[in-house]
*Asks:* 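Below: one structure in structure tokens.
Just so you know, these numbers use all the heavy atoms, side chains as well, and skip hydrogens, waters and symmetry mates. Within every chain, numbering begins at 1; the chains are lettered A, B, ... in the order of the sequence lines, protein sequences first and strands thereafter.
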Amino acid sequence: MATEYQPEDIETKWQRHWEETQAFRVPDDDPRPKYYLLEMFPYPSGKLHMGHVRNYTLGDVVGRQRRMRGFSVLHPIGWDAFGLPAENAAIKNKRHPADWTYSNIAFMRQQLHRIGVGYDWAREIATCHPGYYRWQQLMFVRLFNKGLAYRKGARVNWCPSCQTVLANEQVEGGQCWRCSSRVEQRDMEQWFLRITDYAEELLKALDGLEGRWPDMVLTMQRNWIGRSQGTEIEFPLEEADAAATGARGVSVYTTRPDTLFGVTFLAMDPSHEIARKLAARHGRAKELEAFIEKCSVAESLRTDADRDEEKLGMFLGAYCRHPFTGERVPLVAANYVVAEYGFGAVMGVPAHDQRDFEFARTVPLDGEKSIAVKVVIQPPGDAMPLRGEEMTEAYVEPGVLVGSPGFEGLASTDAITKISEEVERRGLGKRTVRYRLRDWLISRQRYWGAPIPMLHCERCGVVAEREDRLPVVLPEDVELTGEGGSPLGRHPTFSKATCPACGGPARRDTDTMDTFVDSSWYYLRFATPRLETAPVGAKEAQRWMPVDQYIGGIEHAILHLIYARFFHRVMQDVELLPRDIGREPFAHLLNQGMVCLYCEKCQRSHAMSKSHGNTIDPEEMVKKYGADALRLFMMFLGPPQAQFDWKDEGLEAAWRFLGRVWRAVDGAAERLQGAAGGGNRQAAAGTATHKLRVRTHRTIKSVTEDIENRLQPNTAIARLMELTTQLTEHLAQGAAAEFDAAAVREAAETLVLLLGPLTPHLAEELWERLGHTGADRVLDHAWPGYDDALLAGERIQIAVQVNGKLRANLEVEPDIAEEDLKARALAHPGVQSHVGGKTPRRIVVVPGRLLNVVL
RNA sequence: CCCCGGGUGGCGAAACUGGUAAACGCAGGGGACUUAAAAUCCCUAGCCGUGCAAGCGGCGUACGGGUUCGACUCCCGUCCCGGGGACCA
């Protein structure tokens, strides 16, 4: 009567069951403890790929296990539905982005069902729905009112042929990713969010995530925020120049004020306002324009392969004064000065900064023979003193100050403080903290995104839309041609509105928000996905926040995670979120690795992607082997963080294993039907029954630890394979000698329950075959516990080493006295032959593990 | 150039706090069942040496050193691979 493992029927049966019973709906008022599990929501690109399967399977394993552990698990799913691909597809296929997006969602939703992932579908959201993005518009208005959203001119990537701004990621080797035209830099008015106000808090709070987030992500975020401690110093201009520019001097920011006396030039961003004015005054305006163009060309020609930046410079014809010595310091425009950082100007110290050194060596300036390399820090100790003319690279290490009147002989580390104090005393500047993090540019000249709810009124200027007039709905009747400016700007009526302040005519802003805004707060919306009075209900936010486990790809290590951390805080600060839910949205983070395919031609593996043409379709694999086998394979091949290469043989192996489980448990179920209950719970040590029980309980212990604490299903599966093998063997041998119904039932049921999170369909089916019917399901069954006493009573293996080399294995009682153990070890023939009558100098005993005889 | 990971059999990997390196699986070899094949089950398996053989000895976690009774694990140096950032003063 033995049956075959037929995944297809089983899987549809249980998927239907879960759907009909709405098994994964979760109420907000369950008295049990909550667990909020979230995987990064997908972009509805068309169909699921293997990366999705891996991501969502891992989440499902964790979610189902926590549920069996007695948690009320919130496991929602939604769609990151705005974005450029929909717009491009619309242009190409003459299909509306909404239509394209929603039909992709429908298809992928059904695919998620087919791999058996348990979501609370009643909470499904899509960011392109007005019921979602209206709240984002409200947030924007609130941020604007608090001065946290603002407009300013910014230099942006502009494609002259597509007539739009491009994100940095959309520029490849200086060319537009769509039409390959050369990208230009343009100054345009754009919307920004003041994330830099939160730089310090975002940085400090990372310490609290230590051990809960991967180190790599914490480091990447720290570097991205890039805090530095330095000093601002003003270099006074000569009187005539000061009068002409309206500036007293040129300010710089430095982290090395100890090298102040080594300054031999002062470099400015070529577009620096003072630089332009100085150039104009000294008859070099045209030359500067040409220089700016030259820098821009050099910049756009730069490719990833060629990151060695050439230093370009131009003398502005003017000088400033060294603030301490009064010496004349030439002012230059240089391409290596970053406009947006510090003051857009730096002091040039060729002797002690590598970039300044290269600049001084490669850029000759008219009116100057060449820029001097002036050493003001000498290496400590007896090292040869440095001479500027002979140096081949800058000396950037600490040392002792020379040529710095008033600070001679000081250690450079002390001089940083001393010189800064002197700068402050003289009123030339102050010590400050700066960050690399820039404010977040969120406006896009795109159609398929959330409209920015702002108006431009001739009389009142820039005005926020009234809150009660939100949402500003994205119009559907828009023509997408792919050419020329923001599509919303071409809509006949969209931009025509009335000013909320004066009632007069006003022009609606036609930009939409960066889609990263959409994904910065979606995890909150899942608490109250349909609420019509606020983005999130306070009570529900308090119930569910924070996300206990967040799972997703490493590619979001910086941007998405920093934006979400920012939104979590800023929403509290504009009273859209209760303040008592904590400042961090994600308590634990796991970055799962990519799914790759080995390429014979390149002798290496590449991430599966449509553009590489190296994808494997999950749907086909499910058809062939079933969802359970696919899930198991994905979990078994390696630890979740590691990249893995797809192997057909691996999937077949998973499928074979499930066949073995099926035969073992189904076989056990058949035998158990006829057998009497009861059985011998105190099977004597050494008997097959006892061994089976020990194996069962040991498996519970390791699988629990592997899934619950270590998030390593791969090793859990290895233990489950061992239990399956032993159960199979036991049934084969036990036929003649012993058949303890209770122990066999225990082993079979344990195996099924522990497989529940990994291969849920198979587990439910076998559970039913073991006689459990009605409401008794694996899904809601308690996670099994193990009997410590049973494991403790086991005889243990002790490794015996002589001088650190393994010479024997002893099997002993767990409570053996140390003296007895030593005696038995020394008596062992294999040990004796190596001790050879010598007296041991020392015997190291590690209880329960090993004994080392040191001669 | 800077910062993070990582380097273990033919392959994916395991070894969790320094304590028997290679669990579990894939591919391989041998066998059972079968007319045959598929499926299934069993055995085997790091490398070198030695022995007719059970065995015995040595080497072995990228490389070189160190700490320790004992190192894949800790420390110092070198090489290679992957990822991120990159003129941030």
Side-chain angles (χ1 to χ4, degrees), chain A residues 4 214-224 226-228 230-231 252-257 259 267 307-311 334-349 352-356 358-359 434-438 554-555 557-558 591 594 598 604-605 633 636-639 641-645 647-654 656-657 659-660 663 702 705-706 709-710 712 714-722 725 728-729 732 797-809 830 833 840-855:
Chain A
E4 281 279 304
D215 285 346
M216 186 181 18
V217 176
L218 295 177
T219 320
M220 283 162 80
Q221 294 226 346
R222 286 190 181 110
N223 292 344
W224 190 258
R227 185 184 200 273
S228 87
T231 307
V252 299
Y253 170 76
T254 180
T255 55
R256 292 294 305 273
T259 65
R307 296 306 291 245
D308 245 352
E309 299 86 5
E310 193 195 350
K311 299 269 186 298
N335 68 332
Y336 74 99
V337 179
V338 176
E340 301 86 33
Y341 189 76
F343 294 97
V346 300
M347 61 185 213
V349 187
H352 305 295
D353 182 284
Q354 187 58 27
R355 294 154 306 191
D356 297 345
E358 284 163 22
F359 183 82
R434 287 190 183 269
Y435 304 88
R436 286 166 103 116
L437 185 71
R438 307 281 151 78
I554 187 72
E555 67 274 19
I558 298 177
N591 291 117
M594 287 187 302
Y598 187 79
R604 52 169 290 188
S605 46
F633 165 56
F636 179 57
L637 211 66
Q641 299 84 346
Q643 159 186 319
F644 84 61
D645 285 355
K647 291 233 166 54
D648 287 343
E649 302 81 27
L651 180 55
E652 265 167 59
R656 278 203 298 268
F657 167 63
R660 287 204 294 278
R663 286 189 292 277
S702 351
E705 226 152 78
D706 287 347
N709 307 332
R710 299 196 326 139
Q712 310 249 290
N714 52 326
T715 47
I717 293 166
R719 301 290 86 81
L720 290 169
M721 286 172 167
E722 286 167 346
T725 304
T728 305
E729 249 168 50
Q797 298 273 319
I798 299 282
V800 183
Q801 302 179 327
V802 178
N803 282 339
K805 289 206 196 307
L806 182 70
R807 298 302 178 192
N809 266 305
S833 68
R841 203 147 52 93
R842 196 172 144 194
I843 298 177
V844 182
V845 177
V846 183
R849 294 208 98 124
L850 150 156
L851 179 150
N852 189 13
V853 181
V854 187
L855 295 177

*Asks:* Nearest whole Å is fine: how far is A23(B) P from Glu705(A) CD?
*Replies:*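 After rounding, the reported distance stands at 21 Å.
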
*Asks:* With Gln643(A), which residues qualify under side-chain contact (heavy atoms from CB on, under 4.5 Å), at least two apart?
*Replies:* Met594(A), Cys596(A), Ser605(A), Asp645(A)

*Asks:* Report all interatomic pairs (protein N or O, nucleotide N or O of nucleotides 67-69 of chain B) with separations under 3.5 Å.
*Replies:*
| residue | atom | partner | partner atom | Å |
| --- | --- | --- | --- | --- |
| C69(B) | OP1 | Arg842(A) | NH1 | 3.4 |
| C69(B) | O2' | Asn852(A) | ND2 | 3.4 |
| C69(B) | O2 | Asn852(A) | ND2 | 2.6 |

*Asks:* Can you list the residues that meet the side-chain contact (heavy atoms from CB on, under 4.5 Å) rule with Glu649(A), with sequence neighbours excluded?
*Replies:* Lys647(A)

*Asks:* Are there any protein N/O atoms within less than 3.5 Å of an N/O atom in nucleotides 55-61 of chain B, and if so, which ones and at what distance?
*Replies:*
| residue | atom | partner | partner atom | Å |
| --- | --- | --- | --- | --- |
| G57(B) | OP1 | His834(A) | NE2 | 3.0 |

*Asks:* Tell me what Arg434(A) touches on the nucleic acid: a base, only sugar-phosphate, or nothing, going by heavy atoms under 4.0 Å.
*Replies:*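 Touches nothing.
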
*Asks:* Please, what dot-bracket string fits RNA chain B when only Watson-Crick and G-U pairs with both distances under 3.5 Å count, crossing ones use [ ] and pairs to another strand use |?
*Replies:* (((((((..(((......[....))).(((((.......))))).(((((....)))))..(((((..]....))))))))))))....

*Asks:* Between C16(B), A89(B), A86(B), spot the one nearest the side chain of Tyr341(A), thanks.
*Replies:* A89(B)

*Asks:* Picking from A89(B), U20(B), A27(B), which would you name as closest to the side chain of Glu649(A)?
*Replies:* A27(B)

*Asks:* From the list G25(B), A89(B), C41(B), which nucleotide is the closest neighbour of the side chain of Val346(A)?
*Replies:* A89(B)

*Asks:* Run the salt bridge (charged side-chain N to carboxylate O under 4.0 Å, His left out) test against Arg719(A) and tell me which residues pass, sequence neighbours left out.
*Replies:*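 With neighbours one apart ignored, the set is Glu722(A).
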
*Asks:* Select one nucleotide: of U40(B), G19(B), C24(B), the one nearest the side-chain heavy atoms of Arg719(A).
*Replies:*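 Nearest to the side chain of Arg719(A) among the choices is C24(B).
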
*Asks:* Identify which nucleotide among A89(B), G25(B), C41(B) has an atom closest to any side-chain atom of Asp353(A), counting heavy atoms from C-beta outward.
*Replies:*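 Selected nucleotide: A89(B).
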
*Asks:* With heavy atoms under 4.0 Å as the rule, sort Gln797(A) into base, sugar-phosphate or nothing.
*Replies:*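 The answer is base, as Gln797(A) lies within the cut-off (heavy atoms under 4.0 Å) of a base atom.
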
*Asks:* Checking all strands, does Ser228(A) fall into the base, sugar-phosphate, or nothing category for heavy-atom contacts under 4.0 angstrom?
*Replies:* sugar-phosphate

*Asks:* Which residues pass the salt bridge (charged side-chain N to carboxylate O under 4.0 Å, His left out) test with Arg660(A), sequence neighbours left out?
*Replies:* none

*Asks:* For a quick check of understanding: with a heavy-atom distance under 4.0 Å over all strands, which category does Pro214(A) fall into, base, sugar-phosphate or nothing?
*Replies:*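 No contact.
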
*Asks:* Would you mind telling me which of A15(B), A86(B), U20(B) lies closest to the side-chain atoms of Thr715(A)?
*Replies:* A15(B)

*Asks:* Partners of Thr255(A) by side-chain contact (heavy atoms from CB on, under 4.5 Å), sequence neighbours excluded?
*Replies:*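 Testing Thr255(A) for side-chain contact (heavy atoms from CB on, under 4.5 Å), a comparison that skips the adjacent residues, returns Ser228(A), Tyr253(A).
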
*Asks:* Under 4.0 Å, counting only non-hydrogen atoms across every strand here, what does Asn809(A) touch: a base, just sugar-phosphate, or nothing?
*Replies:*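 Base: the residue Asn809(A), judged by heavy atoms under 4.0 Å, touches a nucleobase.
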
*Asks:* Pick base, sugar-phosphate or nothing for Arg222(A), based on heavy-atom distances below 4.0 Å to the nucleic acid.
*Replies:* nothing

*Asks:* So what does Val800(A) touch, heavy atoms closer than 4.0 Å: a base, only the sugar-phosphate, or nothing?
*Replies:* nothing

*Asks:* One character per nucleotide, please: for nucleotides 7-12 of chain B, 5' to 3', B when the base has a protein heavy atom closer than 4.0 Å, S when only the sugar-phosphate does, - otherwise.
*Replies:* ----SS

*Asks:* In terms of side-chain heavy atoms of Leu850(A), which of G19(B), A89(B), A27(B) is nearest?
*Replies:* G19(B)

*Asks:* The criterion is ring pair (Phe, Tyr, Trp, His ring centres under 6.0 Å); which residues satisfy it with Tyr336(A), sequence neighbours excluded?
*Replies:* Phe359(A)

*Asks:* Measuring from the side chain of Met216(A) (C-beta onward, heavy atoms only), which nucleotide among U40(B), C87(B), C4(B) has the closest atom?
*Replies:* C4(B)

*Asks:* Under 4.0 Å between any heavy atoms, over every strand shown, what does Arg436(A) touch: base, sugar-phosphate, or nothing? Just pick one.
*Replies:*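 Answer is base: heavy atoms of Arg436(A) come under 4.0 Å of a base.
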
*Asks:* Taking salt bridge (charged side-chain N to carboxylate O under 4.0 Å, His left out) as the definition, give me every residue that meets it alongside Arg710(A), ordered by chain and number, with sequence neighbours left out.
*Replies:*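 For Arg710(A) the salt bridge (charged side-chain N to carboxylate O under 4.0 Å, His left out) partners, ignoring immediate neighbours, are Asp706(A).
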
*Asks:* Of all the nucleotides listed (C16(B), C24(B), A89(B)), which has the minimum atom distance to the side chain of Arg710(A)?
*Replies:*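 Nearest listed nucleotide: C16(B).
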
*Asks:* Residues two or more places apart in sequence or in another chain: which of them pass salt bridge (charged side-chain N to carboxylate O under 4.0 Å, His left out) with Arg663(A)?
*Replies:*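 Arg663(A): no salt bridge (charged side-chain N to carboxylate O under 4.0 Å, His left out) contacts found.
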
*Asks:* To the nearest 0.5 Å, what is the distance between CE on Met216(A) and CE on Met220(A)?
*Replies:* 6.5 Å

